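Data block below; observations after.
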Amino acid sequence: MAAGFADWLFMGVLFHDRYNVFPEVRREGRGGRGRILLAQLFALVTAAGFVLLAAKLGQTDHRGALKLAAMIWLIGPLPLLLGNALFIKLDPFVTVSHAAGWLVKLLAIGIVAAWLL
């Protein structure tokens with residue numbers, strides 16, 4: 001739920017008007033709800049993978065889980081988003097928003113994972 005809220009806030013609401021700076025790269029049309037549902041399923045896969053990795057690595061306290069979240073962000077979403085920004089026409093605010101959203105999502109998953117484990 002926290003990951004879904006982070007997605008909604010950082011990737012849907014924040015800088016929403018900036019998505020139209022380059023309208024040709026945005027997918028429009030029917031099926032928006034289905035794509036949103038699929039994206040939320042991907043967030044569940046991210047959360048489940050994080051919990052499994054945190055348990056495997058013994059990073060089950062809050063400090064360890066938050067460090068793991070930050071490291072995953074540094075080796076995964078951040079370089080991917082920055083690389084995409086180099087080659088895909090995206091407004092810089094959208095890239096920053098998505099990067100921040102991924103960090104918040106992973107930190108929220110880390111907090112919940114530490115609480116669960």
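All figures in this text were calculated on a predicted structure; none of them were measured in a lab.
Among all heavy-atom pairs drawn from Ala65 and Gly110, the shortest one is CB-O, 3.3 Å.
Partners of Leu107 according to the side-chain contact (heavy atoms from CB on, under 4.5 Å) rule, which considers only residues two or more places apart in sequence or in another chain, are Leu66, Ala69, Leu103.
Leu80 and Trp73 fall into different hydrophobic clusters, where Ile, Leu, Val, Met, Phe, Trp and Tyr side chains are chained together by heavy-atom contacts under 4.5 Å.
Between Leu78 and Trp102 there is no side-chain heavy-atom pair separated by less than 4.5 Å. By the 4.5 Å heavy-atom criterion applied to side chains, Leu74 and Met71 are counted as neighbours. Within the 4.5 Å cutoff, the side chain of Thr95 has no heavy atoms near those of the Asn84 side chain.
Atom-to-atom distance recorded for Phe50:CZ and Thr46:OG1 is 11.0 Å, nearest 0.5 angstrom. Here the CG atom belonging to Leu90 is positioned 11.5 Å from the OG atom belonging to Ser97, to the nearest 0.5 angstrom.
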When the side chains of residues 53-63 are checked against the rest of the protein, which donor-acceptor pairs come out under 3.5 Å, sequence neighbours left out?
unit_1: Asp61; atom_1: OD1; unit_2: Gly64; atom_2: N; d: 3.1

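Alongside Phe87, the hydrophobic cluster contains Leu86 (criterion: ILVMFWY side chains under 4.5 Å). Hydrophobic side-chain contacts under 4.5 Å tie Leu117 into a cluster, directly or through other members, with Val51.
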